[in-house]
Amino acid sequence: MYEELAMYIDGEWCQGSDGAGEDVINPATEEALARLPHAAAADLDRALAAASRGFAEWRVTSAYDRCAIIYKAGELIRERADAIARTLTLEQGKVFGEARMEVMVSADIFQWYAEEGRRAYGRIIPSRIPGARQMVVREPVGPVAAFTPWNFPAVTPARKIAGALGAGCSCIIKPSEETPGTAIAMVRALEDAGLPAGVVNVVFGVPPVVSEHLIKSPIIRKVTFTGSIPVGKMLTRMAAEGMKRTTMELGGHAPVIVFDDVDVDKVTSIAVAGKYRNAGQVCVSPTRFFVQDKVYKSFVTQFSEKAAALKVGDGLEAGMEMGPLANKRRVEAVEGFVSDAVACGAGLSTGGERIGNQGYFFAPTVLDDVPDEARIMNEEPFGPLAPMQPFSNFEDVMEKANGLPFGLAAYAFTTSTKRANAVSEALESGLVGVNHCAISFAETPFGGVKESGHGAEGGIEGLEAYLSTKFITQLNS
Ligand code: NAD
């Protein structure tokens, strides 16, 4: 039913050498699924040594042969999608259909990077010096330390592992201890596809202990992290000590600007689907709804009706549209956001409380006329909460949309091309969705600006993140 949990070091599945570990909890039942081993310092050192040897072998493996292995892993993940998705729902909570889609997207990411790794082209620059040939070559940056969160247990490891491997790097990944089984299943696919020992290693432990040990090691040349802004800043500071390259995919607080020329029924359907996907625990989740005066009331009413109609329950049960929150911390956090907003004067249009007394279920919630000073208008809610505010003119709403330190995703809905162009130009955001929320694909760059981080995953930018540039000038002797 659930994945067998182990670490993967130097091509061997293993337990931690000092017996430490923790239970993985099913958020729909609050029951333990399995025991996860933690790495002791000696295990992390073995993983580092393995990644160093793995890199030496993988970097000289031809891009053609690397492609065959990574591509095959993608095929195996597709074949195993039902089982992996089941593991994902059990440990993370999202409904099975969403979990399966995430696993298929991850297979796509592996296959896209398998191919793209064959196109890490250099170039020849005409020389000023007669007889000299000037070459720019792209080389893998080196062993990578990757840290991934619990909200997308398949896609976040897939982006990091596939990007690193496609570029010729080796990798040590520490997936979230709360959702370890999905990454383990994907790494089994890489092993079964013929990946040499040491090229990918999987470890678990106490996050700050593992990250400090790995990032401080001279073996690691690149750090990639998806998670919260405070942790991202801490890891970036640590990486800076060794002048190591970083990619930081951090939090967001996506504004959604709805102009009064839209079809409210159509837009509320799109926005509700986007908002409550993965119970809102998505870094690009639509989170601050600014709706133009004329359609504000009908937007709030229709959005609330559609939110209230969502079927919430165990993600493995047929027909469910939203699962539980992933952990107890999230339930406490969203309760805090709701009570603070209401205390500040917001209206509660629907939801606002836990469902049942077992599992971390929380009702899809809409908060109406939320004042600027409410915490939810300033901090990432990371839950099934949709705060709404009316606006009257373009300048005011853009000031609010850009007024926070975040800059990951932003959305706008309008039937005017002129407005669409103006709003997408004005938004300070790494990702902009106009009239829809589909902003992430294997072949498109994904990443933020401002405190939401730097660097992109996905697209040619995602391969670039694992390559360094070498200039060679060669004079005929
Ligand atoms: P958190 O800040 O403790 O952890 C966030 C993630 O970072 C987790 O996966 C955790 O395992 C990992 N982590 C924590 N400390 C680490 C360290 N020192 N080294 C390496 N990894 C470390 O918070 P949380 O309670 O898990 O989530 C709270 C907030 O984090 C959310 O409200 C959201 O803002 C943010 N978050 C963002 C994303 C994203 O996709 N960008 C994903 C998960 C969480």
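Each ligand, and each atom within it, is numbered from 1 in the order the structure gives. Below, each value reflects all heavy atoms present in this structure, side chains not excepted, and no hydrogens, waters or symmetry copies.
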What I want to check is whether the side chains of Ser440 and Arg159 have a donor and an acceptor closer together than 3.5 Å. yes
Distance only, no hydrogens: is a donor on one side chain within 3.5 Å (strictly under) of an acceptor on the other, for Lys160 and Thr226? yes
Run the ring-centre check on Trp150 versus Phe382 and record whether the distance is less than 6.0 Å. yes
Side-chain atoms of residues 352-359: list all donor-acceptor pairs with protein atoms under 3.5 Å, sequence neighbours left out, distances to 0.1 Å.
| from | atom 1 | to | atom 2 | distance (Å) |
| --- | --- | --- | --- | --- |
| Arg354 | NH2 | Gly359 | O | 3.2 |
| Gln358 | NE2 | Thr29 | O | 3.3 |

With Gln389 as reference, evaluate Asp372, Asp369, Asp368 under the side chain to side chain donor-acceptor pair (under 3.5 Å) test and give the passing residue. Asp372
Are Gln281 and Lys94 close enough that a side-chain donor and a side-chain acceptor fall under 3.5 Å? no
I need the contact residues for ligand 1: any residue with a non-hydrogen atom closer than 4.0 Å to the ligand, ordered by chain then number. Phe147, Thr148, Pro149, Trp150, Asn151, Pro207, Pro208, Ser211, Phe225, Thr226, Gly227, Ser228, Val231, Met234, Leu235, Glu249, Leu250, Cys283, Arg329, Arg330, Glu380, Phe382
